[in-house]
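Sequence lines set the chain letters: A, B, ... in the order given, protein chains first and strands last, and positions in each chain run from 1. Predicted, not measured: the structure shown is a model, and the values here were computed from it.
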Protein chains: 2
Amino acid sequence: MLREFVRSSKAMSDETRARILNLLAHSELCVCQFMVILDMGQSTVSKHLGILKNAGLVEMEKRGTWSFYRLSKDKTNAHNRDFIRLLPSLPKDDPILQKDNRSLNEVSKKGVAFCSVVALKKKRRARSIHAGEERCDR
Amino acid sequence: MLREFVRSSKAMSDETRARILNLLAHSELCVCQFMVILDMGQSTVSKHLGILKNAGLVEMEKRGTWSFYRLSKDKTNAHNRDFIRLLPSLPKDDPILQKDNRSLNEVSKKGVAFCSVVALKKKRRARSIHAGEERCDR
DNA sequence: TTCCTATATCACCATATAGTGATATGATAC
DNA sequence: GTATCATATCACTATATGGTGATATAGGAA
């Protein structure tokens with residue numbers, strides 16, 4: 001149906017989600033790895049992945065507390081198969097995607113546990129900055 | 001560049017513009033023909049066509065006062081070639097697209113002049129309704 | 001010239017969306 | 001049990017977008 005076609009197309013047509021799809025074209029990843037590579041907050045990443053999953057472009061598998069995402073292998077959806085096939089035409093010479101791919105290599109080497117630590121640190125830093133600002137207001 | 005990829009993808013990912021692209025996959029059309037088939041106002045149609053043109057998915061040619069639109073034949077843009085190639089995977093069984101295609105047949109038979117008349121009538125009707133409402137307010 | 005028509009653009013409003021911090025959920029470790 | 005961590009979801013704000021009427025532009029006809 002047209003509605004599904006548009007939903008999948010919309011899911012692709014955002015810079016952040018295009019970056020996510022580019023990364024997933026290389027390997028499966030969990031949320032905290034995306035946080036490090038994309039340098040974005042956890043809720044942002046989770047939201048974007050939810051949109052991609054809802055459109056059927058991406059699948060999720062829980063392993064312990066981690067959620068691993070990968071490109072959908074669903075053969076029943078014609079649009080999504082075609083949209084995913086389009087990923088190789090993402091501009092390989094784009095500096096953002098090149099940087100993402102380099103980060104992906106590093107992150108992959110260091111493993112998931114590393115990302116958890118980095119993501120947690122980031123979260124705590126954000127909290128403490130916020131707490132500091134509040135103190136200054138008094 | 002990623003920005004262009006996203007722009008083209010965004011241009012496709014709207015129900016109205018997907019309908020426009022579906023029509024253009026069959027034949028070139030001018031604005032007033034879109035107005036009749038899509039049953040939308042002139043400014044709306046013009047805006048959507050502008051977005052598609054700006055993304056490079058569509059070309060425009062002026063003939064007299066008419067602007068004719070067609071799918072871009074530009075071979076230099078990799079994304080757009082791929083996006084246009086995706087059009088055949090628009091859901092052919094979708095009732096909206098089927099209705100659009102039927103309307104396209106009728107409109108094509110009757111020619112551009114017919115559409116001009118219909119579009120103009122519509123415009124006048126809208127104006128007179130609006131004028132009537134204003135009179136009632138007094 | 002003046003009038004009419006086809007299209008583009010503008011201004012506006014209503015809705016949708018991205019990003020974010022806070023909170024909720026759910027699993028693991030202690 | 002509690003504590004901790006990974007993720008999902010909620011609430012909110014700022015911005016983007018779709019649809020529309022009004023206006024501007026520009027070509028053709030009278």
- Note on the structure: Residues at least two apart in sequence or cross-chain that pass side chain to side chain contact (heavy atoms under 4.5 Å, CB included) with K110(A), listed by chain then number, are F114(A)
- Item | Residue list, ring pair (Phe, Tyr, Trp, His ring centres under 6.0 Å) with F5(B), at least two apart or on another chain | H79(B), F83(B)
- Message: Test your reading of the model: is there a side-chain donor-acceptor pair from E59(B) to the backbone of K73(B), 3.5 Å cut-off?
- Response: yes
- Note on the structure: d(R102(B) CZ, I37(B) CD1) to nearest 0.5 Å is 12.5 Å
- Task: For L49(B) and dT7(C), give me the distance from atom CG to atom P, rounded to whole Å.
- Result: 10 Å
- Measuring from L29(A):CG to H26(A):NE2, what's the distance to the nearest 0.5 Å? 10.5 Å
- Task: With sequence neighbours excluded, tell me which residues meet salt bridge (Lys or Arg N to Asp or Glu O under 4.0 Å) with E61(B).
- Result: R63(B), R70(B)
- Query: Can you tell me how far the CE atom of M40(A) sits from the OG atom of S46(A), to the nearest 0.5 Å?
  - Reply: 13.5 Å
- Task: Just call it for M60(A): base, sugar-phosphate, or nothing, with non-hydrogen atoms closer than 4.0 Å on any strand.
- Result: sugar-phosphate
- Atom-pair distance (CD1 on I20(B); P on dG18(D)), nearest Å: 11 Å
- Task: Specify the residues of residues 64-73 of chain A, ordered by number, for which at least one heavy atom lies under 4.0 angstrom from an atom of DNA chain D.
- Result: T65(A), W66(A), S67(A), Y69(A)
- Message: Taking side chain to side chain donor-acceptor pair (under 3.5 Å) as the cut-off, I'd like each qualifying pair that reaches into residues 10-25 of chain B, sequence neighbours left out, listed once.
- Response: R3(A)-E15(B), S13(A)-S13(B), R17(B)-H48(B), R19(B)-D100(B), N22(B)-N101(B)
- Partners of S67(B) by side-chain hydrogen bond (donor to acceptor under 3.5 Å, both in side chains), sequence neighbours excluded? none
- Length of the CG-C1' vector between D39(A) and dT20(C), whole Å: 14 Å
- salt bridge (Lys or Arg N to Asp or Glu O under 4.0 Å) contacts touching residues 35-51 of chain A (sequence neighbours left out): D39(A)-K122(A)
- Task: Identify, with sequence neighbours excluded, every residue that meets side chain to side chain contact (heavy atoms under 4.5 Å, CB included) alongside D74(B).
- Result: S72(B), T76(B), N77(B)
- Query: Can you find a donor-acceptor N/O pair under 3.5 angstrom joining the side chain of Q42(A) to the base of dA8(D)?
  - Reply: yes
- Message: What residues from residues 27-34 of chain A pass a heavy-atom cutoff of under 4.0 Å to DNA chain D?
- Response: C30(A), V31(A), C32(A)
Review item, nucleotides 11-19 of chain C N/O atoms under 3.5 Å of protein N/O:
from	atom 1	to	atom 2	distance (Å)
dA18(C)	OP1	R17(A)	NH1	2.8
dA18(C)	OP1	R17(A)	NH2	2.8
dG19(C)	OP1	T16(A)	OG1	3.3
dG19(C)	OP2	H48(A)	NE2	2.3
dG19(C)	N7	K47(A)	NZ	3.0
dG19(C)	O6	K47(A)	NZ	2.8

- Which residue pairs satisfy the side chain to side chain donor-acceptor pair (under 3.5 Å) criterion with at least one member in residues 85-94 of chain B, sequence neighbours excluded? D82(A)-S89(B), D82(B)-R85(B)
- Kindly calculate the angle separating the two end axes of the helix from dT1(C)-dA30(D) to dC30(C)-dG1(D), each obtained from five base pairs, and round it to 10 degrees. 10°
- Query: Roughly how far, to the nearest 0.5 Å, is the CG atom of N80(A) from the CD atom of E4(A)?
  - Reply: 9.5 Å
